There are 2 protein chains.
Amino acid sequence: MDFLSAGASCAGSAPAGACAPSADAAGLCSVEDVLDRIGSKWSVCILVAAASGPIRFSALERAIPGISRRMLTLTLRNLERDGLLVRTSYPTVPPRVEYSMTPMAVELQAALLTLTTWARRHQADIAAARARYDERTPG
Amino acid sequence: MDFLSAGASCAGSAPAGACAPSADAAGLCSVEDVLDRIGSKWSVCILVAAASGPIRFSALERAIPGISRRMLTLTLRNLERDGLLVRTSYPTVPPRVEYSMTPMAVELQAALLTLTTWARRHQADIAAARARYDERTPG
DNA sequence: CTGTATCCCAGCAGATACTG
DNA sequence: CAGTATCTGCTGGGATACAG
């Protein structure tokens, strides 16, 4: 539990304890909150799609098959609210809106890369583990 | 949902690469699956609590304030199914069960460290961004 | 001590339709 | 093009009670 001990809170509102020695000042969002945001269903897809540079709403829609217009908008708003994306609208006609990553989001990409690497390296292991588990546990 | 379904992309039914502009043919959206797992509300807490060595059910319960017995069990089962935790039960009385991390999970800790480091470093920035956004957008 | 089983609800998320 | 609005179903997760 080394890496959460320096002021990260395990659960958002958890009192200080073995897992939540929160040194946060009041009002700061916890690491948990941040991870919740990152772990939401479409955030990573959007962040990845925006990695190469500013990207338009419709381009995002095309780049992320399966996402609904509603969820795209919602997730973009959240990302923007957290200061990870910047929304720039050009008052042309038809309207044109671009989303670009902030420096903070660029840093996040590096962090996500570590996870990606781990995930790809262990994809097979996890699949195998699941298969084994499911076979042992017919229920 | 299936971790290994070949060509699985962001939404699980999307063509490979559609969501992954970066240069990974395997589909970066395996990250989605990983984050879904580790991004679930309690997984990280449990992983962190188990980092120091084998830990008992009751110890986990105490270490993670706010977690319900139900969610602790459920999350442990998922982690075990994915091959991240190993469950060892000693047929003593009263019963004693220990959970320990697999090597794969140990590697994951390193990946999580990168993320949590980022999260901690930008906690204040994110909180500030949110405050700013909420002020600019009252309704 | 280590779980299961059940009920229940808030919020996420999909589908669809409408608008500046 | 880039969204909003609304309805609705689904599931994660809390509370509680029971069990091996």
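A note on names: the letters A, B, ... follow the listed sequences, proteins ahead of strands, and every chain is numbered from 1. Only a predicted model underlies this, so the values are computations on that prediction, with no experimental measurement involved.
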Q. Using Watson-Crick and G-U wobble pairs whose two distances are both under 3.5 Å, how do you write the pairing of DNA chain C as dot-bracket, with | for links to another strand?
A. ||||||||||||||||||||
Q: With the side chain of A:T73 defined as its heavy atoms from C-beta on, choose the nearest nucleotide among D:dA2, C:dT2, D:dT4.
A: D:dT4
Q: Look up atom NE2 in B:H122 and atom CG in A:L108, then write down how far apart they are to the nearest 0.5 Å.
A: 8.5 Å
Q. Just how far, in rounded Å, is P of D:dC1 from CG of A:L76?
A. 16 Å
Q | Residue pair A:I64 / A:I46, side-chain heavy-atom distance below 4.5 Å | A | yes
Q: Flag the pair A:R96 / A:F57 as yes when at least one side-chain heavy-atom distance between them is below 4.5 Å, and no otherwise.
A: no
Q.
Can you confirm whether B:V86 sits close enough to B:E80 that some side-chain heavy atom of one is under 4.5 Å from a side-chain heavy atom of the other?
A. no
Q: Please check if any side-chain donor atom of B:S40 sits under 3.5 Å from a side-chain acceptor atom of B:S43, or the reverse.
A: yes
For residues 70-79 of chain B, please give each side-chain donor-acceptor pair under 3.5 Å, one per line with the distance, not counting sequence neighbours.
residue, atom, partner, partner atom, Å
B:T73, OG1, B:R69, O, 3.0
B:T75, OG1, B:M71, O, 2.6
B:R77, NH1, B:Y99, OH, 3.4

Q: Could you work out which one of D:dC1, C:dG3, D:dG3 sits closest to the side chain of A:V97?
A: D:dG3
Q.
Can you measure B:E61 atom CD to D:dA15 atom C1' for me and round it to whole angstrom units?
A. 14 Å
Q) Do B:L84 and B:M101 touch side chain to side chain, with heavy atoms closer than 4.5 Å? A) no
Q. Atom CZ of B:R77 to atom C1' of C:dT4: distance rounded to whole Å?
A. 10 Å
Q. What is the nucleic acid contact for B:Y99, judged by heavy atoms within less than 4.0 Å: base, sugar-phosphate only, or nothing?
A. sugar-phosphate
Q. When the distance from CD1 of B:I64 to P of D:dG14 is rounded to whole Å, what number comes out?
A. 12 Å
Pick out the pairs of N or O atoms, protein on one side and nucleotides 13-19 of chain C on the other, that lie under 3.5 Å.
residue, atom, partner, partner atom, Å
C:dA13, N7, A:R70, NH2, 2.3
C:dG14, OP1, A:K41, NZ, 3.0

(Q) Within the structure provided, determine whether B:I67 and B:L60 are in side-chain contact (heavy-atom separation under 4.5 Å). (A) no
Q. For the pair made of CD1 in A:I55 and P in D:dC1, what is the distance, rounded to whole Å?
A. 14 Å
Q) Hey, is the side chain of B:R87 poking within less than 4.0 Å of OP1 or OP2 on C:dG3, counting only N and O atoms? A) yes
**Q.** Length of the line joining A:L72:CG and D:dG3:C1', which is rounded to integer Å
**A.** 10 Å
Q) What is the distance from CZ of A:R56 to P of D:dC1, rounded to the nearest Å? A) 7 Å
(Q) Rounded at 0.5 Å granularity, tell me how far CD in B:E107 sits from CZ in A:R121. (A) 4.5 Å
Q) Do the side-chain N or O atoms of A:S89 get closer than 4.0 angstrom to the phosphate oxygens (OP1, OP2) of D:dA2? A) no
